[in-house]
Asks: 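I am attaching a structure below and will ask some questions about it afterwards.
Not measured: the values here are computed from a predicted model. Letters go in sequence order (proteins before strands), and every chain restarts at 1.
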Amino acid sequence: MNPREIVKIQNMSKQFPMAGAFFTALADIDLSFRAGEFTGIVGPSGSGKTTLLNIIGSLDVPSRGSAIVLEHSISDLSHKRAAQLRNRHLGFIFQTYNLFPVYTVYENVEFPLLLLKMPAAARKQAVQEAIAWVGLSDKTDSKPPQLSGGECQRVAIARAMVKRPELVLADEPTANLDAKNSHNILQTMEALNREIGTTFIFATHDDKVINYLRRKITLNDGRVVKDEIASGTAGKKAKS
Amino acid sequence: MISIKLAYRNLIGAGLRTWLNVVVLSFAYVVIIWHKGFLQGWDEQARRDTIEWEIGGGQYLQQDYDPYDPLSLEAGHGMVPNDASAEINQGRLTPILALPAAMYPQGRIQSVILKGIDPQQRIIAIPSEALSVQSSEIPAVIGSRMARNNRLAVDDLITIRWRDANGTFDAQEVKIVAIFRTNVGSVDMGQLWLPLQRLQQMAQLPGQASILVADKRFNPTQSYSGWILKEQKILLQPIADVIRMKSIGGLVIFFMLLLLAMLAIFDTQVLSIFRRRREIGTLMALGMTRGQVIRIFTIEGAMHAVLATVVAAVYGIPMLYYFAKTGWKMPEMVDDMGMAIAETIYPAYPAQLVLGTILLVLVAVTIVSFLPTRRIAKLHPTEAIRGKLS
């Protein structure tokens, strides 16, 4: 049985006003993502990867066509409903980590659960578990400025995963990391994908990430030029 | 609740920047409360002393007598009304006769007001019992300012000259039998207090008076023909006016202090929104609405006022308590002002003043904190996440 379809994009385009005209960032996109995928949207800078990820993440809306995410039409969502969708079902990992600098690791990871109004005891357990997933149990009281780039990104992963979202969107998650840290991060995400079944969609042009993908969608000038099954060999090697 | 929790975390996390704002704001709190407390203490003391020494529970003024017009003194007297005698006998009213005169201290001439008062009265605090002495000279009591200005001391004799009811000048020596000290300059400067009956005889005005002063526990309501009732509230109005003028002067200081504190908060908020736009975008990505983000930033700003209240309490309460106990010494020169000013003013801090100041600052800070956050509503999350402003 095929896993359920969690993202369905049909004939979608996105244009931005620019100097009195319109710049087409995405054109006629038709894509579908199923639960449990470990998929990457790859392509050169300016190809529309981040824009596509933003629309799937309900941070932006299509100019034309439809994007259905977890049975919600992104175009029809109010600000409040879009925020609820992100809060309950989506996790985000950013290139620049986007951690809250004045919060400790624990508080950063706890944040999404506070928004969900989770009871304190359950919240504590979930936070400790998420921090353990990314191997930072000894850094719970540290603040982001005291952590390395790799550690910061692991905190970001823990923050994205702590509420066990159905879909995690990662925008260039390894762009600011060295090779060793990149592999650590990717192995962590791959393990979470396999163990918890969370769907990961990456926007990347980093070969290190591409080697872990099981599906690779290539964008160029806002159009899907290739959608292929990838070997995910790096992940398999790491597992073996 | 979550907004408050997050705002608190952010505020404490901001460290020195937060505490600088908080200290400035707490300073504004303490200065405003101290200054208003000082005026409040002055107001209370001036009212109390004026009631004790001059106006009692209110006054009846003879219709031709105007305390602010020296020219009215010649004719400003009349027969004490018969129907007031019961109140006088029961100690609820006491008559005072005021007449213009001149005195000659050390060869100089000086205008004075002779005030006749019943030596047995206990309605106002003038030590009139000292006038009960039996002697050939006319006994007089004076205030310490009058004594100092004219170099007079107890047992000194001084010549006075007055005109009687027929317009005839007469002169005699009076003996200073007591000098009293009061904060109420208007019963002291340029005034000689004599026994009422003696003054009535001197001026050939038997049974006449200019003022009937009511006991402070007695609320005069009855009207007497030819006499104008001045209620205590009306008589205290000049004090209220002076205090109001002082308060308005103080408002300028408060306004500037508050303005400085508000500018610091506003500046912090604007800077905070600019520096933390990536954080704002992240908050939205994590599931917060723009309204919730605005709320967090507004509460964060408003919490400066809450923290400032705590900080102000830490050093302000002991400081204000100390001033309330030891008082604030007034300079010598203010002693001669027209209204009652004690040597030491004891500030008073009623709950209304403290709570009102806290509320005022809290509301002002909240408004100032909110204004820059409106910019968040215009932020697009995808740009904010990348640290750009829309």
Asks: Measuring from A:F92:CZ to B:I385:CD1, what's the distance to the nearest 0.5 Å?
Replies: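 Answer rounded to 0.5 Å: 6.5 Å.
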
Asks: Take B:L6 and A:F111 through the side chain to side chain contact (heavy atoms under 4.5 Å, CB included) test and state the conclusion after the steps.
Replies: CA-CA 9 Å; B:L6 296 176; A:F111 187 86; 3.4 Å; yes

Asks: Quick check against the 3.5 Å criterion: does B:R9 have a side-chain atom that pairs as donor or acceptor with the backbone of A:Y103?
Replies: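 Answer holds: no.
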
Asks: Where on A:E107 is there a heavy atom nearer than 4.5 Å to chain B: the side chain, the backbone, both, or neither?
Replies: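 Both backbone and side chain.
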
Asks: Passes side chain to side chain contact (heavy atoms under 4.5 Å, CB included), A:H79 versus B:T289? Steps please.
Replies: CA-CA 7 Å; A:H79 281 304; B:T289 60; 5.7 Å; no

Asks: Please look at A:K117 and chain B and tell me whether the side chain, the backbone, both or neither of the residue comes under 4.5 angstrom of a heavy atom of that chain.
Replies: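 Answer is neither: A:K117 stays 4.5 Å or more from chain B.
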
Asks: Heavy-atom distances under 4.5 Å only: say whether A:R88 touches chain B with side chain, backbone, both or neither.
Replies: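 It is neither, since no heavy atom gets under 4.5 Å.
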
Asks: Quick check: closest heavy atoms across A:P101 and B:E279, and the distance to 0.1 Å?
Replies: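 Looks like CD-OE1, 4.3 Å.
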
Asks: Which one, B:G281, B:G291, B:G15, B:G287, leads in non-hydrogen pairs under 4.5 Å with chain A?
Replies: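 The residue among B:G281, B:G291, B:G15, B:G287 with the greatest pair count is B:G287.
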
Asks: What heavy-atom pair brings A:R86 and B:M284 nearest, and what distance separates the two atoms?
Replies: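 Nearest pair, atom of A:R86 first, then B:M284: NE-O, 2.7 Å.
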
Asks: Using non-hydrogen atoms only, which part of B:I12 is less than 4.5 Å away from chain A: side chain, backbone, both, or neither?
Replies: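 Neither part; nothing is under 4.5 Å.
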
Asks: So what's closer than 4.5 Å to chain A heavy atoms on B:R276: side chain, backbone, both or neither?
Replies: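 Neither the backbone nor the side chain of B:R276 comes within 4.5 Å of chain A.
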
Asks: Which residues in residues 54-66 of chain A have a heavy atom less than 4.5 Å from any heavy atom of chain B?
Replies: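 Listed by number: A:N54, A:L59, A:D60.
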
